[in-house]
Protein chains: 2
Amino acid sequence: MKQWFRNNKLVLLYGLALALLLFLLRWLEFRFLILDHAFEAYVGAIALVFTGLGIWLAMKLARPKVETIIIEKTIISEAPPFSPNEKSLADAGISKREWEVLALMAKGMSNQEIANQLFVSLNTIKTHSSRIFEKLEASRRTQAISKAKALGILP
Amino acid sequence: MKQWFRNNKLVLLYGLALALLLFLLRWLEFRFLILDHAFEAYVGAIALVFTGLGIWLAMKLARPKVETIIIEKTIISEAPPFSPNEKSLADAGISKREWEVLALMAKGMSNQEIANQLFVSLNTIKTHSSRIFEKLEASRRTQAISKAKALGILP
DNA sequence: CAGGAAATCACCCGAAAGTATGAAGCCATT
DNA sequence: AATGGCTTCATACTTTCGGGTGATTTCCTG
């Protein structure tokens, strides 16, 4: 019910306005009956008012034409925020730890530096890197980095 | 004159219809004067008719409302073809040949492979790479590649 | 619980990479 | 003609990297 009121507020208002006008006209009828041609003027006024109302209604109720404009914005992406690309990562079968090592390699760190950074021994890093090279079919760290970037594993 | 008629045909028609209606009402006035509440019904009819006319007019004459929806489509373009970025290159003091070596390094090639590709000896490539490391303040090829990319020397 | 993947570490060896130093030819600018 | 930068090459030496093999621990899954 409340919803109905809200939806038909306009129609109700319109009806109320009409009723009020009728009262007004009735009153005018008694006041200006003596005037010659009062009736014609009267009808003209009504016609004008309701024409205006009709126009107003039409304006209010008319559904707007929707025009959709699609603007294609071409952005040359400098550095798209990189996410490890889980898909390619899993596809190559590279583990989290291996990826860490790979990322530090790409930064230009030596195996010893990576070992220090990750708090493991140099031998561990060597094992990891060997696995990485196997999985990426690389024989050098530079090659591994290059391939990883091509696969979207590294930014 | 003729042009004016054509442009305002609608307005003229509207005026004519109004006049006709007035005549009609005048006639009805005499016919239904006896009826009680005839006046209200009369005014109601007029109101209805002119409201309809108003709506019709508005529909006919009003400029259609246009709602414009702008959808921005973001297209991430492919990496633009890389140009060596002469500025950074000169800034680092890296020569053409050195850049060639650097680029092949970044591809993951070994010094020997680079030497074969450029038809020079392995020692030459070693000299070049040493110079490159000096100029980029790197001590490893991976580091050199990383720094070169950061400087825009490599794609 | 057994099996397998992941992570850790060790040792050895050969290959590749990097450092240092010297030198020669070419080319352009002074 | 001389100077300096670029390219080329060489030798000798050190360090780092990569390959191969093996072992242990932890954690997860069938």
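Convention: sequence-line order gives letters A, B, ...; per-chain numbering from 1. Hydrogens, waters and symmetry mates are skipped; everything else that's a heavy atom, side chains included, is used.
The distance between atom CD of A:Glu100 and atom C1' of C:dT8, rounded to the nearest whole Å, is 14 Å. Between the CG atom of A:Leu104 and the P atom of D:dC17 there is a distance of 13 Å, given to the nearest Å. If you measure from atom CG of B:Leu118 to atom C1' of D:dC9, you get 15 Å, rounded to the nearest angstrom. Atom-to-atom, CD1 of B:Ile114 to C1' of D:dT8 comes out at 16 Å; the value is rounded to the nearest Å. In this structure, the NZ atom of A:Lys135 is 16 Å from the C1' atom of D:dG19, given to the nearest Å. The nearest whole Å value for the distance from the CD1 atom in A:Ile132 to the P atom in D:dG18 is 10 Å. In this structure, A:Glu137 places its CD atom 16 Å from C1' of D:dG19, rounding to the nearest Å. Atom-to-atom, CD of A:Glu98 to P of C:dA6 comes out at 7 Å; the value is rounded to the nearest Å.
Checking side-chain atoms of A:Lys135 against main-chain N and O of A:Ile94 turns up no donor-acceptor pair under 3.5 Å. In terms of modelled atom types and a separation under 3.5 Å, the side chain of B:Lys147 and the main chain of B:Glu137 share a donor-acceptor contact.
The shortest distance between the side-chain N/O atoms of B:His128 and the OP1/OP2 oxygens of D:dT7 is not below 4.0 Å. Between B:Thr124 and D:dC9 there is a side-chain polar atom (N or O) within less than 4.0 angstrom of OP1 or OP2. Here A:Asn123 does not reach the OP1 or OP2 of C:dC9: none of its side-chain N or O atoms lies under 4.0 Å away.
Looking at A:Thr124 and A:Thr127, their side chains never bring a donor and an acceptor atom within 3.5 Å of each other.
Of all the heavy atoms in B:Leu136 and B:Ala148, the pair that sits closest is CD1-CB, 4.2 Å. Considering all non-hydrogen atoms of both residues, A:Ala106 and B:Ser146 come closest at O-CB, 3.6 Å. Of all heavy-atom pairs between B:Ile153 and B:Ala92, the closest is CD1-CB, 4.0 Å.
Using a cut-off of 4.0 Å between Lys/Arg side-chain N and Asp/Glu carboxylate O, A:Arg140 and B:Glu113 are scored as salt-bridged. Look at A:Arg97 and A:Glu100 and you find a salt bridge, because one of the NZ, NE, NH1 or NH2 atoms lies within 4.0 Å of a carboxylate O, short of that distance.
Residue-level contact check: B:Ser121 touches the backbone only, with heavy atoms under 4.0 Å from sugar-phosphate atoms and none from bases.
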Quick one, give me the B/S/- string for nucleotides 15-28 of chain C, reading 5' to 3', where B means a protein heavy atom under 4.0 Å from the base and S means that only happens at the primed atoms, P, OP1 or OP2.
--BBB---------
Distances for protein N/O vs nucleotides 26-30 of chain D N/O pairs under 3.5 angstrom?
none

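No chain of hydrophobic side-chain contacts below 4.5 Å, direct or via other Ile, Leu, Val, Met, Phe, Trp or Tyr residues, connects B:Phe133 to B:Leu122.
Note: B:Leu102 CG to B:Arg131 CZ = 15.0 Å, rounded to the nearest 0.5 Å. To the nearest 0.5 Å, atom CG of residue B:Leu104 and atom CD1 of residue B:Ile114 are 5.5 Å apart.
Counting only heavy atoms from C-beta outward, the side chains of B:Thr142 and A:Met105 never approach each other to under 4.5 Å.
Between its opening and closing five pairs, the helix from C:dC1-D:dG30 to C:dT30-D:dA1 changes axis direction by 50°, a value rounded to 10 degrees.
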